[in-house]
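Keep in mind the model is a prediction, meaning the values are calculated, not measured.
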Amino acid sequence: MFLSDAIQHPVFNALQSAASTLGVRAYVIGGYVRDHLLGRPCKDVDIVVEGKGVELAKEFARQTKATRTAYYENFGTAMVGFEDFEVEFVGARKESYRRESRKPIVEEGTLADDQIRRDFTINALSISLNEDDFGQLYDPFDGVKDLNEGIIRTPTDPQVTFSDDPLRMMRAIRFATQLDFQIEEGTYRAIETNRKRLEIISQERITVELNKIILSPKPSIGFKHLYNTRLLHEFFPQMVALQGVDYRDGRGHKDNFYHTLQVLDNICEMTDDLWLRWGAILHDIAKPATKRYYPKQGWTFHGHEDLGARWVPKIFRQLRLPQDHKMRFVQKMVRLHLRPIALVDSIVTDSAVRRLIVESGEDLRALMTLCRADITTRNPKKMKRHLKNFDLVEQKIEEVMERDRLRNWQPPLTGDMIMKMFDIPPSKMVGEIKLAVREAILDGIIPNDQEAAIEFARQKGQELMGQQAEKKQT
């Protein structure tokens with residue numbers, strides 16, 4: 001089978017020329033070939049060379065006058081940019097593994113050696129760039145058949161493949177999720193059998209694959225595989241704990257694991273933001289810890305939003321996710337996710353609406369997206385009613401925001417302004433006055449403008465100074 005149409009771009013002619021100059025055999029392998037057969041665009045090209053990959057990369061860069069280059073001599077790999085393509089080079093190799101490490105013992109090899117070490121049949125496909133068989137597809141493990149049938153399987157015994165490199169278990173689930181493929185039965189069983197081998201993989205590498213699953217069109221596919229193979233139990237037990245339903249007096253609560261997956265899928269239809277998707281994953285994470293049953297009320301999860309928010313930094317450290325503004329954003333989403341729907345009540349005060357607007361700040365739209373995704377009832381009438389109520393909440397928020405000029409709200413008085421007003425240094429009193437002004441605006445006691453804030457601050461300051469004077473006298 002020839003796939004000459006896959007290698008019509010000038011980048012491949014330049015690669016053929018470089019390989020011919022050095023007298024080495026070179027092949028396009030892996031993702032580019034797979035994606036071409038699936039009709040998916042791909043600008044990342046992997047080249048395997050029967051020889052030195054770095055040498056071919058340097059010759060290719062010389063001939064194309066490339067300026068984007070990176071050579072990793074110690075690893076025998078290289079990257080060269082060509083127009084909008086990223087071309088990666090590696091020498092063909094065969095590998096053997098020690099049980100305690102996923103780092104292989106590497107020897108130079110042939111194309112066949114290199115293909116057999118690949119993770120899955122659909123990633124072992126290669127196309128020749130050589131003059132004598134230019135465009136020839138090499139498919140020793142029926143990868144094209146597996147592509148057509150939507151199957152993920154390993155080229156050799158999956159027990160050996162996953163024991164040698166356990167990260168491939170995460171990759172199997174990631175590809176199944178991204179491509180909406182099935183994992184072949186023997187391959188699936190081998191993932192569960194070898195799940196404990198994941199302990200030799202760094203959490204950073206695991207989380208890279210997890211984030212790719214989360215960024216796929218329907219992440220619930222991947223999370224169900226992670227749960228069913230018990231891989232999820234190895235690195236994310238807090239999410240596993242969401243699964244299950246308890247019954248008392250014939251009354252049960254919803255399964256919070258599958259509810260979370262539905263919320264995640266819902267939000268993926270609205271946004272590609274990885275961190276908002278993490279907000280969906282963690283929004284109910286503390287429900288198992290706050291679950292209580294009361295005969296009159298039934299099942300409750302009071303305070304799960306606050307406890308969940310406190311858990312977010314620990315979970316981010318555990319999963320080696322960033323400890324920065326991204327974490328704080330997710331924490332805010334978890335803490336506030338119940339607040340908007342509480343505004344459905346017609347007697348809710350403007351003060352409650354103002355507080356939500358100010359506390360969510362620039363993340364209000366993201367929070368509303370999460371809350372809309374959190375509506376998961378299967379009853380069409382209930383769904384219609386809930387969505388209508390949520391539309392009213394958004395309308396109420398918009399009205400208050402416009403009327404009270406709270407869009408992108410900043411306090412009208414800063415700490416520096418208060419210190420100058422009373423000629424005082426930084427102190428507890430400054431914070432108390434600033435907080436009092438904020439609360440007065442949110443409660444509607446004073447309008448949201450600087451003149452009113454200054455007058456209120458002056459009164460509050462005089463009151464506090466009077467209290468301090470009384471304390472000194474006593």
Any salt bridge between Arg205 and Glu209, counting N to O under 4.0 Å? no
Is it true that a side-chain atom of Asp146 and a backbone atom of Thr121 form a donor plus acceptor pair closer than 3.5 Å? no
From CA spacing to verdict: salt bridge (charged side-chain N to carboxylate O under 4.0 Å, His left out), Asp114, Arg118: CA-CA 7 Å; Asp114 203 88; Arg118 297 280 162 168; 2.6 Å; yes
When rounded to the nearest 0.5 angstrom, what distance separates CG in Asp363 from CG in Leu370? 11.5 Å
Check Asp119 with Arg168, please: is the shortest side-chain N to carboxylate O separation under 4.0 Å? no
Where do Pro158 and Gly186 come nearest, in terms of heavy atoms and distance? CG-O, 3.8 Å
For a salt bridge (charged side-chain N to carboxylate O under 4.0 Å, His left out) check, start with the C-alpha distance between Glu234 and Arg230, then their side-chain angles and the critical distance, and finish with the verdict. CA-CA 7 Å; Glu234 298 300 314; Arg230 301 182 70 80; over 6 Å; no
Atom pair CZ (Phe60) and OG1 (Thr69), whose distance is rounded to the nearest 0.5 Å: 11.5 Å
Flag, side chain of Arg68 to backbone of Glu83, donor-acceptor distance under 3.5 Å: yes
Give a yes or no on whether the ring-centroid distance for His304 and His337 is below 6.0 angstrom. yes
Would you compute the distance between atom CZ of Phe236 and atom CD of Gln203 and round it to the nearest 0.5 angstrom? 10.0 Å
Does a donor on one side chain sit under 3.5 Å from an acceptor on the other, for Tyr138 and Gln115? no
Side-chain donor/acceptor of Arg277 to backbone N/O of Thr271, under 3.5 Å: yes
For residues Asn256 and Lys291, determine if any side-chain heavy atom of one lies less than 4.5 Å from a side-chain heavy atom of the other. no
Would Asn130 and Ser128 count as having a side-chain donor-acceptor pair, cut-off 3.5 Å? yes
With His302, which residues qualify under side chain to side chain contact (heavy atoms under 4.5 Å, CB included), at least two apart? Gln297, Thr300
Does this structure show an ion pair linking Glu86 with Lys43, if we count only N-O contacts that are shorter than 4.0 Å? no
Taking C-beta and beyond as the side chain, do Leu367 and Met333 meet within less than 4.5 Å on heavy atoms? yes
Could you check whether the rings of Tyr227 and Tyr258 sit parallel, tilted or perpendicular, using 30° and 60° as the cut-offs? perpendicular
Check Leu307 against Ala289 and note the closest heavy-atom contact, atom names and distance. CD2-CB, 3.8 Å
Just wondering, are more than 12 heavy atoms of other shown residues or ligands nearer than 6.0 Å to CG in Leu215? yes
Test Asn266 against Gln262 for side chain to side chain donor-acceptor pair (under 3.5 Å), laying out the working first. CA-CA 6 Å; Asn266 287 349; Gln262 183 60 62; 2.8 Å; yes
For Lys332 and Glu359, what are the C-alpha separation, side-chain angles and deciding distance, and is it a salt bridge (charged side-chain N to carboxylate O under 4.0 Å, His left out)? CA-CA 9 Å; Lys332 183 192 285 188; Glu359 286 187 46; over 6 Å; no
For the pair Ser20 (side chain) and Gln16 (backbone), establish whether a donor and an acceptor sit closer than 3.5 Å, ignoring hydrogens and angles. no
Tell me whether the rings of Phe120 and Phe175 are parallel (<30°), tilted (30 to 60°) or perpendicular (>60°). perpendicular
4.5 Å side-chain heavy-atom contact, Leu111 and Arg25: no
Please answer whether the main-chain N or O of Thr110 pairs with a side-chain N or O of Glu50 as donor and acceptor at a distance below 3.5 Å. no
Would you list the pairs meeting ring-ring contact (aromatic ring centres under 6.0 Å, His included) in which at least one residue belongs to residues 356-376, sequence neighbours left out? none
Donor-acceptor under 3.5 Å (Gln8 side chain, Ser4 main chain): yes
Please work out which of the three classes, parallel, tilted or perpendicular, describes the rings of His253 and Phe301, given edges at 30° and 60°. perpendicular
Output for pair (Leu282 CG, Met239 CE), nearest 0.5 Å, gives 8.0 Å
Can you name the side chain to side chain contact (heavy atoms under 4.5 Å, CB included) partners of Thr369, sequence neighbours left out? Ile267, Met270, Leu276
Output every pair passing ring-ring contact (aromatic ring centres under 6.0 Å, His included) with a member in residues 184-218, not counting sequence neighbours, ordered by first then second residue. Tyr188-His225
Do any N or O atoms from the side chain of Thr207 and from the backbone of Glu204 form a donor-acceptor pair under 3.5 angstrom? no
Is any side-chain heavy atom of Met170 closer than 4.5 Å to one of Leu231? yes
Aromatic rings His9 and Phe12: how do their planes relate, parallel, tilted or perpendicular, breaks at 30° and 60°? perpendicular
Gap separating the CD1 atom of Ile281 from the CG atom of Leu261, nearest 0.5 angstrom: 8.5 Å
Check whether Lys396 reaches the backbone of Leu343 with its side chain - one donor and one acceptor, N or O, closer than 3.5 Å. yes
Asn379 meets the side chain to side chain contact (heavy atoms under 4.5 Å, CB included) criterion, sequence neighbours left out, with Thr377, Lys381, Lys382
Contact summary for Ser126 and Ile29, nearest pair of heavy atoms: CB-CG1, 3.9 Å
Heavy-atom check, side chain of Trp278 versus side chain of Leu319, under 4.5 Å: yes
Would a distance-only check, ignoring hydrogens and angles, find a side-chain to backbone donor-acceptor pair under 3.5 Å from Thr187 to Ile183? no
Please tell me if the side chains of Gln331 and Met327 come closer than 4.5 Å, counting only heavy atoms from C-beta onward. yes
Measure across Asp44 and Cys42 and return the closest heavy-atom pair with its distance rounded to 0.1 Å. O-SG, 3.3 Å
So which heavy atom on Asn194 is nearest to which on Ser163, and how close? OD1-CB, 3.6 Å
Once salt bridge (charged side-chain N to carboxylate O under 4.0 Å, His left out) is applied, do any residues pair with Arg34, and if so which ones, sequence neighbours excluded? none
Close side-chain approach of Phe75 and Val90, heavy atoms under 4.5 Å: no
Give a yes or no on whether a salt bridge exists between Glu73 and Lys58, defined as a side-chain N under 4.0 angstrom from a carboxylate O. yes
Does any N or O in the side chain of Thr177 come within less than 3.5 Å of the main-chain N or O of Ile173, such that one atom is a donor and the other an acceptor? yes
What is the distance from atom CZ of Phe89 to atom CD of Glu59, rounded to the nearest 0.5 Å? 10.5 Å
Note, Phe257 side chain near Asp284 side chain (heavy atom, < 4.5 Å): no
Lys/Arg-Asp/Glu bridge criterion (N-O < 4.0 Å) met for Lys434, Asp416: no
Hey, mind stepping through Leu226 and Ile213 against side chain to side chain contact (heavy atoms under 4.5 Å, CB included) and telling me if it holds? CA-CA 10 Å; Leu226 289 170; Ile213 291 170; 4.2 Å; yes
Which pair of non-hydrogen atoms, one from Ala26 and one from Ile47, has the smallest distance, and what is that distance? CB-CG2, 4.1 Å
